[in-house]
Every structure is written in structure tokens, then in C-alpha cells.
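Let me begin by presenting the structure, written as C-alpha cells, before commenting on it.
Each chain gets a letter, A, B and so on, in the order its sequence line appears, and its residues count up from 1.
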Amino acid sequence: MTARERTDFIRDIIDEDLRTGRHQRVATRFPPEPNGYLHIGHAKSICLNFGIAQDYGGTCNLRYDDTNPTKEDVEYVESIEADVRWLGFAPTAVLFSADYFPRMYELAEKLVTDGKAYVCDLDDEQIRVYRGSLTEPGKPSPWRDRSVAENLDLLRRMKAGEFPDGARTLRAKIDLESPNMKMRDPLLYRIRHAHHHRTGDGWCIYPMYDYAHPLEDAIEDITHSICTLEFENNRELYDWVIEHTGVSAGKVAPHQYEFARLSLDYTMMSKRKLLLIVQEGHVSGWDDPRMPTIAGMRRRGYSPEAIRAFADLIGVAKANSTVDVGKLEFCVRDDLNASAPRVMAVLRPLEVEVTTYDATGEVIDAPYFPADVGKPGSRPVPMARTIYIEQDDFQAEPEAGYTRLAPGRTVRLRYGACITCDEVVRDADGAIVKLRCSHHAESVGGKPPADGRKVWGVIHWVAADSSVPVEVRLYDRLFKVARPDDGDFRDNLNPGSLEVITGARVEASLATAAPGSRWQFERLGYFAVDTVDSKPGALVWNRIVTLRDGWAKKDEVAAPAVEKKASARAATRPKSKSPAEYRAEARVRDPELAAAHDRALAKGLTAEQADLVSGDRDTMTWFDAASAVATPGSAARWLINEVPRVAEGRELNALPFDGAALGALVQLIDAGTITGTAGKDILAELAKSGGDPVALAKSRAPAADAGALAAIIDDVIAKNADKAAQYRAGKTGLLGFFVGQVVKAAAGTADPASAKALIEQRLAAG
RNA sequence: UCGGGGAUCGUCCAAUGGCAGGACGUCAGACUCUGGAUCUGACUAUCAUGGUUCGAAUCCAUGUCCCCGAACCA
């Protein structure tokens, strides 16, 4: 990767895993199901998984998650690998889930033997009913308690093909009452007498995703299994499968991490709906240049570099978000600006006769790149008496702000001379058919016309005789609304997403442009030779993206603000209990807690504090122990506000110290023996490795006296003279910075409150 | 018996108790043989309300809003 450092929460986790020695290597995987073409959302995932492997010198497998033979196809398998490689990544290995079917089945028998899975005869409708709902527990299948021997026999007969599709399933025996629906005896195998693209008719039972995926990861020794947010609920089952099959025994098991998948406005990412768009003929195929597929973007002319830059730009996080398509277009332009040679083409030609021009065979040597790009190369551009300019570049009655050609006005022909419009030739209907212009021969080479007349602008052109006629396809976004999924996507298709221009002309040098090559047509945009329909002598060009255009922008209708979708679900769904309700209920159930609540109140705690220290047994015990030694109010404050910070998610009873130790610490602070800041330091130490707070307090350096403190402060101010100046100039927010620096420099011997006062004083004095 | 996640400029992502920062975008200017590029400047944010703290986007509490989960899909 470049010098720019990439960070995201997943790389943070990896850094931590490497630091602590949990892993010595990094192994990821990209696991698409071969049931469609890859799209820009997959590109994000590919860049993440392969990018991590590159950054950490690890491995990344391309693994087809082909566990459902009825939806998958070799066409997709081939397109996926091609897309991954085109994006610039080389899989460490290309693998298929189906190749693990024997091992998976073996482990399924082990689960059965261990009494952790059973064969269920319920049909799909019954299973759904038995599973319960989001708010109600499920109930056990009547087949849940079959003997191991019977289960094993039935499983083997399932595998042998003795039963029809849907007759039986293999289910994990977990917990029908789990609040996580995924844990309510999930299906492991279903019967499918179907031909598999890879295993043929070798199997008639196929593993479910939730069973197959963790095993695949474990078998491949994946360390970090990265997937999208909707699998968060599946993680518990992922871990269950690995633990109970023992597939990772003796090794470090893979762990699943979830990130937010990409949403792009004006774009649809659902594979199912993308398939419909193709099937219903709204586009020409999966690789139609309007499609958000990698194949479509490739054909459109997007480069792999641009797509990778986009993935970097948008980052990786856990918040659902919708990225502005403008960011993708920025990446595409940014890449092309530096890489695409400049040439000239006229989309809608307007004939211009340069009446004063009679040279023949004149050829202009025009550079491929402007000076600011600084790349070498040029091509010959023939001039002629008859040329074409863009119809848009002439207005018979120029509107305000128009800076191009008009009657009597002079403009420069790009790379050539300036011309002045002398005459507009119209047909019988008054339509403009051609222009007659005179030219200023002395103005070639960027020089101004000799008579000092104003040059309004620079326009592009091609010679009439030597330019070549081509077809140009102008693409716009496929959907006319930012959220095509609101309602039926078919209603939201942009009818103008493709405009075919047949009368366009490109300069002579482009006659042999290679399919797939990318160029900038000056002042128009970036274009690529179509790789499918273009033929020598009959070129077809795709517009990749327009140039950024400040003038055109003014005509553009402001995009309507994206309206927030009203949440029908939020209104109808039952509201979850709040923690406060849980605590109150716990006290109703448990008289000990109720008593603790009264006790806390009696000790003078506020109602809120009393509530918080009596919601569960652990907290109650801690508070009782702490308040036995320290002032109850202080004990409660520290327990409520400070302990959770250092616990970093651990339960109280998992901490290496207890309520009594907390009490002892708080007592020292109450008594003024140590400062609150020192107390926080000691608390952090306790949380890390336990110990005796009194001893820890004693071992600390004594508080700095006023003189020592002043010396530290002066030193910090001297070292940060620029910041001090900014502070004095009014950036008072920097006070916190100085306090932080001083506290750090004093290694805990300074009391921040008094330090702060002293710093303010010194800063003002300076 | 509901559970799991999430909320920071218009947009996307940072800041792991100490200067709210970057990019896209927008606006203004400079420059320009592309109304491009480049450069300069400006713009705009911590969901709300309390609390803890010398100091809170960050810790605690209460509330609000959003997403996911009840395929023999992945």
C-alpha cells in the first residue's frame, strides 16, 4: 500500500491480535456465492479482505460458498474469479465449499454421536411454527429426543438418498428458547436431489450456510472472518459450530467480524434485483455499462485503480450509511485525469467553413497531456478548410454568461488558430446548417490575434475530411431517484440512462484505438472503446464519466433531499425493556436486592444511585463492601462512573479486585491522602492486575509541590510555544491540551485542578 | 422472552478522558489554449437531556431515532 496509512476497526483488532500473540499470521477469505455477478459492494469486501492480506503479509483465499446447488452456476464462478483478478488481487488459493462436503459430513456424524444434533421429520411449515417468534419462545420438535443410533441411521439414509426433498433435516440441538432465533435448533443439512456444478450428483444432502461457513473458515485456518452486518446474529451459531464439532481443536479458532456493507445512492445492490434487471431486459446484460457490477464498470471504462481508490476513500465501519455516488465518480475522474490521453471528438457536429484557410496537408502536433499532468507524447492533428465543431459551442443569440462562439465572436480552436464567426448559414426552415468563419493565422501556438480582439474561449473540433465517424454511447445513472429500492425499482429507472449518438466524429488518430483503451475527449469527458460492440472501422465509444463542469451544473436540478423512510416497523414493534425496568424487576423477584435498595437510600444515596447499585447481586455486593469503608456517596459514584470504564466490558466478578478494595481506594481519596486523579490511575492498575490500593498509593511518588509543578508547567509551555501563542490568541480550547501535557509530564504527581489554575496563570503571564 | 447492532459537517471516515480532524461536496478567488486539472480561502457536525470529571464525541443514566434477526437462502 501507499505511504498513506489505512486504519479501520478491523485492522485495529488485527493489530491487537498480533500484539497479544493471539495470532502470528493473518488469514482472510472472500467467500461469494456463485449465484450472480460481483458488484461494487463486493469490491469493497474484496479490497478489505485482500487488502488486509497484503498489508499484513497474510493470505486471502477466494472461496466459493456453493452450498446450494439450485441457485448456483459455473457462469458465475468464472466471472467472479475474473473480476477479482481484474481488480488486481491474486487469491492465495481458489477453493470451493463443496470440496469440504466429506469433512463436513463427518463432523455432522460426530455431532449426532455426541447427542448435539438430530434428524427432524417436521416439514418447513411446521419447523417455522415450532420455532416461535421474535417475542415468543419456540418449542421442541417431537423428534428432538431420538436416540443417537436412530439419528445416525437416519442421517446415513438421508445421505444415501432414501428420502425425498424436504422429508427430513438434520438440526443442531441447542436451545428453542434462545432470544437469538438463529440458536433455536438451526438446520444443518437439508435434502436436495439436485445437480451441483462441482460435485455433480455425488450428494443429495447439502449443508446450510450457518453450518458450512464456520467449518470452511476453520478448515482453511482463517484467522479473521469478515462479513457484513446482517450476520451479527449468526456469530453465536458460528462459534457454536466450531466449538462443538471440535474442528479447530488444538488451533486458534477463526473469529467473525462484521462491517457495514456498501450502499450507494442512485444504485441498487441487491443481487436478486440486479438479476431481474438483466432478465427483464432493462439493460443489455450483467456487463451493461450502467450496471453497478464489476463487469459493467469494467466495460464502462472504470479502472481497477479507481475502484480500489474508492474503497479506500469510503473506509470501513459498523454504521449503516449510504455513500454519495459522486465519490465514485471523483475516484474515476481522479484516476483518468492522470492516465487518459487528451484527444478531440465532436459528438454533434456543426460544419464550419474556414473561408480564409487554404493551406493543405497542415498537421498540428498536439500533446497527449496538458502541462500540469506532465506526461510525454503527442499525435498529429490534421487541419482543414472544413471542420466540425460542437453544436453546443455556438449560439446564434448568446445567453448571458455564454463564453463560446457566436456571430461576430472569436474563439480559439484547441491547439490551432482563433476563428471569428462571420456568417450563419441557415436552411429554408431557418435551421443552422453551417458557419462561415475567418481565421487569424498569426494566433496559432497560443498567441493572441494581432488586432487585439477578445478571444471568448477555446473549443474543440475535428477536420471534416480526416475525422472518422463513430457511435458514442452516453450513459447516465440507471435510476432517477437516490433510493431506487423505495417502491418498485422498475418505476424508478431513468429513461435517459442511455443515449446513443451515431453521427459523432473522432480525430483521425483514434481510428485504430484499441478496445478498452481510455481517452479524454477534451471538454466532453472520458471515453473508452467498447470491448464488445466496437469493430475496426466501426468504433463504438462508451462515455465513462463527464468532466466536472461548473457551467453545466447551474442547469442541473438540485437533487431532491433524500427523505427519511417512515419506520412502520418501529411503530408496531414491541418496545424492549430498558435497563431501569430490568433492575426494578430484579428487585421485585429478589428481596435481597430490594433490601439493598432500601439500605442504599438509608445511607444517603440519591434515588438514581440507589437504583444503580441494587440492580443485581454483584453490584450490590460491591457497593456494600465499598461503602463499609468509604463514604457511601463516593463509593457509589466511583462504582457507577469509574469502574465501568476500567472494566472495559468485563463483568464485576471477572475483575481482579473487589468491592472492599474499591472501598479502600475511595477512602484514601475521601481522606485527601491521594488525589482523584491518582485514584483513577490506581483504579486502572487494580483493574489490570489487582493488588492492594493502600500499598499502591504508598508506592506512588508524592505530590509535586508548587515549585516543582511550576517548573513542569514552564517546561511544557516552552516546548509548545506555538500552542501557547495560539492560546493567547484566543484558542482557549488548548487549555485542556496543556493540562493533559502537564499531568503526563508530572507522571501522576500533579493535581490537575491546581495545575490547571497555575497553567492559566502562567499562560496569561507569558 | 425479544435479542443483536448503530447514531460526529450535506456525504463518507477519523479522534480510544486532553486542540473535534481528513476527504468528497458547495461557495469565492487565483491560474489556465479543456467552463478540465492545479492552488488559495471560506462553509458546515458530536441525536437529546441530565450526571461523573480540572477536562466528555468518548464514562454513567434517561429518552429519541435508524438497521438486522422468525428461508430446508447466503
Side-chain angles (χ1 to χ4, degrees), chain A residues 7-8 12 31 33 35 65 67-68 71 123-124 127-128 131-138 165-166 169 177-182 184 187 189-192 206 208-210 213 229-236 258 260 265 313-324 326-327 330 333 337 342 370-373 403-404 412 414-416 446 455 457-460 520 522-524 547-552 561 564 567 570 574 576-580 608 611-612 637 640-642 644-645 676-677 680 723 726 731 733-741 743-744 751-757:
Chain A
T7 62
D8 54 66
D12 288 347
E33 183 188 14
N35 66 345
D65 221 345
T67 57
N68 186 352
K71 293 169 71 178
D123 65 28
D124 52 354
I127 286 177
R128 199 168 68 239
R131 188 148 35 210
S133 74
L134 294 176
T135 50
E136 285 164 43
D165 286 2
T169 57
E177 299 193 1
S178 169
N180 182 355
M181 299 292 293
K182 289 278 175 320
R184 319 245 261 227
L187 270 59
Y189 273 92
R190 77 287 217 186
I191 301 172
R192 279 262 202 287
Y206 291 93
M208 302 290 292
Y209 167 86
D210 281 311
H213 205 88
L229 247 31
E230 68 268 26
F231 292 101
E232 276 177 322
N233 295 303
N234 302 57
R235 190 174 59 230
E236 191 179 357
E258 310 88 11
D265 54 15
L313 182 71
I314 60 175
V316 178
K318 291 202 74 163
N320 282 310
S321 57
T322 303
V323 175
D324 176 4
K327 288 187 172 63
F330 164 80
R333 287 192 185 103
N337 177 49
R342 272 61 170 178
D372 55 81
V373 173
T403 63
R404 292 163 274 169
R412 177 177 296 283
R414 178 77 163 146
Y415 303 118
V455 178
V458 180
I459 63 172
H460 58 272
Q520 183 192 110
E522 290 206 55
R523 303 209 308 126
L524 293 174
L547 252 24
R548 212 166 145 266
D549 183 354
W551 171 253
K564 285 283 177 197
S567 172
S576 297
K577 278 196 198 55
S578 69
E608 185 184 311
D611 174 28
L612 289 169
R637 263 203 312 279
I640 293 166
N641 293 310
E642 301 302 336
R645 167 180 285 284
T677 308
K680 284 182 194 174
K723 296 247 160 56
Q726 286 175 37
K731 192 166 178 182
L734 283 169
L735 184 56
F737 164 78
F738 280 108
V739 176
Q741 291 297 305
V743 168
K744 203 171 143 197
D751 168 47
S754 41
K756 185 182 182 180

*N/O donor-acceptor pair, side chain A/N641 with base B/rG51, under 3.5 angstrom*: yes
*Chi-based syn or anti call at B/rA71, which uses purine or pyrimidine torsion atoms and a 90° bound*: syn
_Quiz item: A/N180 side-chain donor-acceptor pair to B/rG69 base, under 3.5 Å_ = no
_With a 4.0 Å limit, can you tell me whether A/S178 has a side-chain N or O closer than that to the phosphate oxygens OP1/OP2 of B/rG3?_
no
*Does the B/rU52 base have a donor-acceptor partner in the side chain of A/E642 within less than 3.5 Å?*
no
*B/rG51 phosphate, OP1 or OP2: any side-chain N/O from A/R637 under 4.0 angstrom?*
no
*Rounded to the Å, how far apart are A/F737 CZ and B/rC54 C1'?*
17 Å
*What integer distance in Å separates A/K680:NZ from B/rU52:P?*
12 Å
*Atom pair distance, as rounded to whole Å: CG in A/N233 and P in B/rA74*: 17 Å
*Contact under 4.0 Å: A/R190 side-chain N or O vs B/rC73 OP1/OP2*: yes
*Side-chain contact test, heavy atoms from C-beta onward, threshold under 4.5 Å: evaluate it for A/N337 versus A/R548 and give yes or no.*
no
*Would a 4.5 Å heavy-atom cut-off, applied to side chains only, mark A/H213 and A/T67 as touching?*
no
_Could you tell me how far apart A/R548 (CZ) and B/rU38 (C1') are, to the nearest whole angstrom?_
11 Å
*Classify the side chain of A/K327 and the base of B/rC12 as holding, or not holding, a donor-acceptor pair under 3.5 Å.*
no
*Would you state whether a donor and an acceptor, one from the side chain of A/K744 and one from the base of B/rG18, lie under 3.5 Å apart?*
no
*Base, sugar-phosphate, or nothing for A/F738, non-hydrogen atoms under 4.0 angstrom?*
nothing
*Can you tell if the side chain of A/E522 reaches within under 4.5 Å of the side chain of A/V458, non-hydrogen atoms only?*
no
*asked:* With hydrogens left out and only the distance checked, is there a donor-acceptor pair under 3.5 Å joining A/R333's side chain and the base of B/rG36?
replied: no
*Distance below 4.0 Å between A/R131 side-chain N/O and B/rC72 OP1 or OP2*: yes
_Side chain of A/E608, heavy atoms from C-beta onward: which of B/rC24, B/rA61, B/rG18 has the nearest atom to it?_
B/rA61
*Hey, does A/V316 reach any base, or is it just sugar-phosphate, or nothing, if we go heavy atoms under 4.0 Å?*
sugar-phosphate
*What integer number of Å spans the C1' atoms of B/rC39 and B/rC59?*
44 Å
*A/R235 has an atom CZ; how far is it from atom P of B/rA74, in whole Å?*
20 Å
*Decide yes or no, distance alone: a donor-acceptor N/O pair under 3.5 angstrom between the base of B/rG5 and the side-chain of A/N320.*
no
*Does A/R523 reach the side chain of A/R404, with side-chain heavy atoms less than 4.5 Å apart?*
yes
*A/S578 side chain near B/rU62 phosphate (N/O to OP1/OP2, under 4.0 Å)*: no
*Taking atom P of B/rG17 as reference, at what distance in whole Å does atom NZ of A/K756 sit?*
19 Å
*Is A/I127 close to A/L187 at the side-chain level, that is, under 4.5 Å between some pair of heavy atoms?*
yes
*Does a distance-only test, which skips hydrogens and angles, find a donor-acceptor pair under 3.5 Å between the side chain of A/R342 and the base of B/rU34?*
yes
*Report yes if some heavy atom in the side chain of A/M181 is under 4.5 Å from a heavy atom in the side chain of A/R131; otherwise report no.*
yes
*asked:* Using the P atom as the point on both nucleotides, what is the distance between B/rC9 and B/rU58, in whole Å?
replied: 15 Å
_Spacing between A/R184 atom CZ and B/rA71 atom P, to the nearest angstrom_ = 11 Å
*Check every strand shown and say whether A/D123 touches a base, only sugar-phosphate, or nothing at a heavy-atom separation below 4.0 Å.*
base
